[in-house]
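What follows is a single structure, written as structure tokens, with notes after it.
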Amino acid sequence: MDILEKRSITYDRTAFSDQELKDIYTAILKPRLIEEKMLILLRQGKISKWFSGWGQEAISVGAALAMDEDEFILPMHRNLGIFTTRGIPLNRLFAQFQGKMSGFTKGRDRSFHFGAKDYKIAGMISHLGPQLGIADGIALANKVKENKKATIVFTGDGGASEGDFHESLNVAAVWKLPVIFTVENNCWGLSTPSSEQFACKQFIDKGIGYGMKAVQIDGNNILEVISTIRELAKEMRENPAPVLLECMTFRMRGHEEASGTKYYPEGIQEEWQIKDPVANFELYLKEEGIIDDAFVKDLTKSIKKEIQNGLDIASAEEKVVPNTEKEIEDLFAPYKQQVIAPVSESTSEKRLIDAISDGLKQSMQRFPETIIMGQDVAEYGGVFKITEGFVDLFGKERVRNTPLCESAIVGTGLGLSMQGMKAVVEMQFADFVTCGFNQIVNNLAKIHWRWGQNADVVVRMPTGAGVAAGPFHSQSNEAWFFHTPGLKILYPSSPAEAKGLLAAAIEDPNPVMFFEHKFLYRSIKEEVHDDYYTLEIGKANTVKEGKDLSIITYGLGVHWAKEIVAESGIDAEIIDLRTLAPLDTDAIYASVKKTGKCLVLHEDCMTGGIGAEISALITENCFKFLDAPVRRVASLDTPVPFDAGLEINFLPKERALTAINELMEY
Ligand SMILES: Cc1ncc(C[n+]2csc(CCOP(=O)(O)OP(=O)(O)O)c2C)c(N)n1
């Protein structure tokens with residue numbers, strides 16, 4: 001421990017007993033001593049990277065001490081003290097740093113990128129800001145269940161420049177969620193000083209803009225941190241509402257050890273050195289006669305021993321042995337779908353839109369812990385009216401209008417899932433998913449594989465062209481997600497499929513992208529079972545049997561294929577994939593092996609589309625059965641144009657017949 005000659009922090013110990021003060025000192029010393037050790041190991045090349053929290057320990061330790069043990073904390077990369085104070089065994093922590101099996105991510109993710117539900121810690125991803133939206137979801141669950149619990153989430157002053165910060169604070173303010181948004185204002189984001197990061201004077205100035213209380217404290221004063229957070233948490237447990245907490249502090253070491261601190265102005269570290277949170281507190285406790293040199297010596301010795309023991313255990317553990325099957329298996333939470341048949345024979349004619357609405361409604365009844373979130377989904381019923389009347393049935397707590405904030409809402413869905421709830425998020429148009437993309441591909445898709453947390457979130461995606469809506473309301477973007485391991489993708493083509501698959505998606509505890517074709521919403525109808533039922537995820541449907549050619553398609557493509565085949569009289573087999581991930585390769589191969597010729601038809605653009613993958617799979621697995629090269633017909637590789645004539649030209653339907661004829665003649 002660095003010795004300070006003179007204390008520069010003033011403490012108010014009124015609320016703390018002697019024993020408590022000793023315990024607090026014990027808690028704050030531990031991460032400091034771990035850091036000291038880690039820096040040695042780093043120099044010895046025994047760990048690869050280290051993000052230092054040196055000088056910021058009072059915030060992490062103070063927060064963990066102030067919150068109830070069963071309240072969630074969502075830390076960042078400098079919050080070692082949260083993990084230690086929450087009591088994570090050091091051997092597991094070090095095993096995590098070393099990528100060992102007994103860490104928290106089976107060697108799949110590094111350093112502090114993990115969560116541990118047993119310790120009520122929800123870990124970060126590298127992108128920083130997405131943490132904030134998850135906190136909203138955790139807090140929303142606490143609020144609707146009336147748990148009287150607070151949640152605390154962290155960001156740096158740099159991370160607070162991300163859109164997620166704005167979205168998440170705004171949602172929490174509008175929904176009055178019990179979250180403490182903690183900005184560790186350590187004056188720098190990597191090499192960028194605050195003056196180049198934000199123009200406001202201080203973060204608390206933002207509170208008024210969000211309509212939330214904002215409090216600034218000395219983040220190096222552990223008693224102030226504890227007292228403030230205790231008070232804020234106590235208040236919001238009773239009267240849920242978010243708070244912006246700005247903790248003034250300084251990052252004493254480099255962004256990560258290898259990057260150094262050359263960019264720091266001369267003398268700034270020395271200036272902050274005298275405000276060291278550990279040394280000041282130690283000096284204060286000595287002055288108060290609560291601890292003495294012997295106590296510090298003994299404690300240091302015993303913590304060092306604990307650290308060494310933890311390291312010995314972690315280091316003795318063998319390296320992770322790769323097991324490909326397990327790597328793939330862990331992408332999703334274990335789940336064996338039980339397909340549910342309708343109880344009665346009762347059916348009625350339903351358009352696609354009615355069937356989706358019906359499936360959604362029945363799922364809401366069946367799973368009372370499901371929350372629907374989206375823009376204008378409440379009284380207005382959503383822009384396509386899928387949720388019309390839902391507020392009357394389920395109330396506004398469960399059918400929630402959201403601000404425009406796709407990222408925060410997907411994050412909120414994940415937070416609900418961490419609390420054992422289900423979320424259905426409606427993108428107003430599939431095109432707008434770009435604004436929530438990060439949460440989907442990096443959080444929802446990866447979280448189970450990383451640390452075993454499922455993401456019970458269905459993202460509804462009103463998709464596709466044919467409605468003359470131009471490049472930002474017509475896109476097909478399923479391929480973006482198809483390329484991302486960890487997501488299921490459903491794309492029904494008919495009302496009956498849509499109802500059964502949506503119910504199946506909501507039952508599934510894993511993240512599902514659910515595509516609904518806008519052109520089909522009101523243009524197709526059929527008899528659909530009135531009772532609740534599900535269809536098998538991952539199972540294609542043979543729409544029409546045939547022997548001369550296989551047309552593999554989905555969505556609107558199924559309807560094009562049916563029309564073309566009916567008009568041309570070709571004996572083609574039409575396979576409706578229904579699920580894009582997992583892909584029913586058995587059905588594809590069986591059909592191609594039977595017909596020997598294959599056309600893959602889809603509305604999405606050609607290049608890098610799902611057709612490319614299917615074509616490659618057929619070539620690899622059915623080559624000797626093929627009598628012609630696999631053909632793909634897809635939309636042009638351009639954005640979707642607005643003018644109806646241009647849109648028809650863009651879409652593949654008119655090119656499909658030519659391709660079919662060429663295949664037949666091959
Ligand atoms: C979206 C994103 N952009 C850039 C980075 C690279 N990066 C990692 S940490 C960091 C600085 C963060 O600064 P701040 O939030 O103030 O936290 P601090 O490191 O100072 O604790 C940057 C630029 C990242 N991880 N994610």
Side-chain angles (χ1 to χ4, degrees), residues 31 35 38 48-63 73-83 109-114 123-135 152-169 181-204 206 216 219-220 225 244-265 268-269 272 277 406-408 410-411 434-443 445-446 450:
E35 277 235 27
M38 290 301 136
S48 61
K49 237 179 175 30
W50 184 252
F51 291 91
S52 172
W54 194 293
Q56 298 180 221
E57 294 95 338
I59 303 167
S60 304
V61 173
I73 304 184
L74 295 93
M76 297 300 288
H77 50 291
R78 304 202 190 282
N79 296 129
L80 169 64
I82 285 170
F83 298 91
D109 207 343
R110 67 185 199 193
S111 57
F112 299 109
H113 292 192
F114 70 96
M124 65 182 289
I125 60 170
S126 295
H127 300 67
L128 316 169
Q131 279 292 77
L132 300 154
I134 300 174
I152 190 165
V153 62
F154 288 81
T155 178
D157 46 287
S161 299
E162 291 182 36
D164 277 304
F165 180 81
H166 165 68
E167 289 193 8
S168 306
L169 267 70
F181 291 99
T182 308
V183 180
E184 285 187 72
N185 188 351
N186 64 8
C187 311
W188 295 79
L190 216 156
S191 74
T192 305
S194 296
S195 59
E196 294 178 39
Q197 191 72 248
F198 49 89
C200 61
K201 263 205 346 248
Q202 45 190 359
F203 278 90
I204 45 169
K206 296 189 180 210
Q216 188 182 61
N220 283 20
V225 173
L244 176 56
L245 175 66
E246 179 175 17
C247 298
M248 304 309 293
T249 188
F250 184 72
R251 197 195 70 207
M252 289 298 288
R253 304 191 66 88
H255 169 65
E256 48 91 23
E257 278 306 303
S259 62
T261 55
K262 276 209 177 111
Y263 42 82
Y264 275 166
I268 194 167
Q269 280 155 299
W272 279 89
E406 285 74 8
S407 184
V410 176
T434 42
C435 300
F437 194 69
N438 191 28
Q439 290 282 23
I440 296 172
V441 302
N442 283 320
N443 253 333
K446 295 179 175 56
R450 289 172 57 240

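Note that these values count all heavy atoms, side chains included, but never hydrogens, waters or copies made by symmetry. Each ligand, and each atom within it, is numbered from 1 in the order the structure gives.
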Top protein contact for [atom], by heavy-atom distance:
atom: atom 10 (C) of ligand 1; value: His255 CE1, 3.7 Å
atom: atom 18 (P) of ligand 1; value: Arg78 NE, 3.4 Å
atom: atom 12 (C) of ligand 1; value: Leu128 CD1, 4.0 Å
atom: atom 13 (O) of ligand 1; value: Gly189 CA, 3.3 Å
atom: atom 24 (C) of ligand 1; value: Ser126 O, 3.5 Å
atom: atom 11 (C) of ligand 1; value: Leu190 N, 3.7 Å

Regarding ligand 1, does [X] bring an N or O atom to under 3.5 Å of one of the ligand's N or O atoms?
X: Thr155; result: no
X: Asn186; result: yes
X: Ala160; result: no
X: Arg251; result: no
X: Gly158; result: yes

>> Tell me whether His77 reaches ligand 1 (any heavy atom closer than 4.0 angstrom to a ligand atom).
In response: yes
